Amino acid sequence: MSKFVAPRTPKGFRDFLPETMLRRSYVLDSIKEVFHLYGFEPIDTPILELHETLFGKYGEDAEQLIFTAQHGRSRRDPLAMRYDLTVPLARVVGQYESQLNLPFKRYHIAPVFRGERPQRGRYREFWQCDADTVGVASMSADAEIVIMMVQILRRLGFPQFVIKINHRQLLVAIGEFSGVPNEQLPDLYRSVDKFDKIGADGVKRELIERGIDSDAVSRMMDLIQSKEPGSNSLELIAKTVGDDVKGLDDLRQLAQLLAEASIPPENFDFDFTMVRGLGYYTGPIFETVISEPNLGSISGGGRYDNLIGMFRRQSLPTTGTSFGIERIIDLMNELALYPPHLGGTLVQALVTVFSDETRRESTRIAHQLRQAGINTEVYLGRRKLGRQLAHADKKGIPIVAIAGPDEIEAGVVKLRRLRDGEEKMVDLKKLAQSAGELLADR
RNA sequence: GUGGAUGUAGCUCAAUGGCAGAGCACCUGAUUGUGGUUCAGGCGGUUGAGGGUUCGAGCCCCUUCAUCCACCCCA
């Protein structure tokens, strides 16, 4: 006698039913397609890593959010659940260097785990979708990442998006130029990161509250708000801060490469108020925002030349991007970007069953349809025809094949399209062809 | 981790401290070979859980759990 247990998932963990999974797969498959077009290849790694692999990489605050995992009472090899896909990449590169060809271009689509308090678009288990290039120090790799991001967002059907681009070293230079001490730079990033949310005045107030000199704050705020079309804002910074500032050259090259690739100016923007939280970035940083409607960021990334050094004597330059697919999926729902053929089911035809005696014939019909590549369900229950049609209708199956004693006797099948009630009595030999026509005809 | 809101049928929500309801969904029939529309009927509840106040609690109080929102942080 088993005890009743109220069915539920752990906090921040979700189930996905078929209708949702079809949409998730559509998004992931679309992204994969573009990754492949650019020559990125998949890897996967274990959900569990050794404790020592993850800890010491993200900073103290983030480490509080890492789930740990243990088997029974074993105290050997403490384990932890992966927190992102970037540190596992760094480990893989360190571990399999001899088997990898540099430049190594990999993508990785997999769930990661963070013990945060869940909110809309924020979960404790969520999927990340990363593409990174290892072993290329030049901007050609960064440009390729940005160009691929544009391609993916187009492929998914987003009518409007902007990839904001900034540079870690440029931010440092601007901070130094303005007179912000190095040890206060993390505070500075944290506040500036909220620029979109709390505005220039909000950032200023917060920085002064954090004890940063108010003159320095003013100088810096003026600089980061430099705004000119295209790469002109780069030159504006160059005039004030100096032409030889670290990072400026990178961004100039990037601008040049993006222009050569005919990336439309409305799809990218040098924005010195954009900061990415993660500490390991060392070069250009990217973030995609959808501003109409204003729904926040859906991808982020950048260059992190030192991280792999955690798993290898000498580091390797690395740059990449990560798509926040949970948000992308929410947004695509809101913006209705899914193609119409993506209904609630992938089943294209239901073969009804008149009685147990005719089930064999229905199964044969289904086999024929399947041979022709049509996703087919044979009704497995024993309900009357009306119920079988209702099942197809409710599930969104477009056509039904009816084979009762009369049809079987005559060697025919009646095909019915539920959308408009169109019916065809077809010969068994032409079954698949006719079904295909009914499915295609709009 | 901090602050706020909400928990009533499978779902969305009603119900002055006084008999727990509606819509949708589901099931049956009208219609024994035809879904969606319609009509008639039916199933469905320890009001999140535990305690307290009261003649009487879904409603008031306390505790606890869950969910959502905002912050922190982030994808």
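So you know, we letter chains A, B, ... as the sequences are listed, proteins then strands, and number each from 1. Quick caveat: nothing in here was measured; it's all calculated off a predicted structure.
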Do A/E377 and A/K395 pass the salt bridge (Lys or Arg N to Asp or Glu O under 4.0 Å) test, and can you show the C-alpha distance, the side-chain angles, and the key distance before you say yes or no?
CA-CA 11 Å; A/E377 175 178 342; A/K395 213 169 143 179; 2.8 Å; yes

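Partners of A/K394 under the salt bridge (Lys or Arg N to Asp or Glu O under 4.0 Å) rule, at least two apart in sequence or in another chain, do not exist in this structure. Here A/K57 pairs with nothing under the side chain to side chain donor-acceptor pair (under 3.5 Å) rule; sequence neighbours left out. For A/K384, the side chain to side chain donor-acceptor pair (under 3.5 Å) criterion is met by no residue, not counting sequence neighbours.
Atom pair A/E407:CD and B/U34:P shows a separation of 12 Å (rounding to whole Å applied). Rounding to whole angstrom units, CD of residue A/E423 and C1' of B/U34 are separated by 7 Å. Atom CD in A/Q388 sits roughly 12 Å away from atom P in B/G35 (whole-Å rounding). Put simply, CG on A/L385 is 9 Å from P on B/G33, counting in whole angstrom units. The distance between atom CG of A/L350 and atom C1' of B/G35, rounded to the nearest whole Å, is 11 Å. Rounded to a whole Å, the CG atom of A/L418 is 15 Å from the C1' atom of B/U37. Put simply, CG on A/L389 is 13 Å from P on B/G33, counting in whole angstrom units. As a whole-Å value, the separation of A/F354 CZ from B/U34 P is 10 Å.
Not a single donor-acceptor contact under 3.5 angstrom links the side-chain atoms of A/D393 to the base of B/G36.
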Base-pair string, RNA chain B, Watson-Crick plus G-U, cut-off 3.5 Å on both distances, | for inter-strand, is (((((((..((((....[..)))).(((((.......))))).....(((((..]....))))))))))))....

For nucleotides 69-75 of chain B, read 5' to 3', which letter fits each nucleotide if B means a protein heavy atom sits under 4.0 Å from the base, S means only the sugar-phosphate is that close, and - means neither?
SBBBBBB

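Relative to the ring axis of A/F126, A/R114 does not place its NZ or CZ within 45° and under 6.0 Å from the centre. Geometric assessment of A/R23 against the ring of A/Y338 yields a positive cation-pi assignment under the 6.0 Å and 45° thresholds.
Among the atoms of the strands shown, base atoms are found under 4.0 Å from some heavy atom of A/D406. The residue A/K414 sits close to a base: some heavy atom pair falls under 4.0 Å. Nucleic acid contact for A/A390: sugar-phosphate only, since backbone atoms but no base atoms lie under 4.0 Å from a heavy atom of the residue.
Atom C1' of B/G44 sits at a distance of 29 Å from the matching atom of B/U32, rounded to the whole Å. Spacing of C1' atoms, B/G56 relative to B/U37, comes out at 47 Å, to the nearest Å.
Checked against the 6.0 Å centroid criterion, the rings of A/Y83 and A/F113 do not qualify as a close aromatic pair.
Using a cut-off of 4.0 Å between Lys/Arg side-chain N and Asp/Glu carboxylate O, A/R155 and A/E33 are scored as salt-bridged. By the 4.0 Å N-to-carboxylate-O rule, A/E326 lies close enough to A/R24 to be salt-bridged with it. A/R190 has no carboxylate O lying under 4.0 Å from a charged side-chain N of A/E206, or vice versa, which leaves the two without a salt bridge. Between A/E287 and A/K164 there is no salt bridge, since no side-chain nitrogen of the basic residue lies less than 4.0 Å from a carboxylate oxygen of the acidic one.
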Could you list all N or O pairs between the protein and nucleotides 25-29 of chain B that sit under 3.5 Å apart?
unit_1	atom_1	unit_2	atom_2	d
B/C27	OP1	A/R387	NH2	2.8
B/U28	OP2	A/R387	NH1	3.4

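The aromatic rings of A/F270 and A/F268 stand perpendicular to each other, their planes meeting at an angle above 60°, with 30° marking the opposite boundary.
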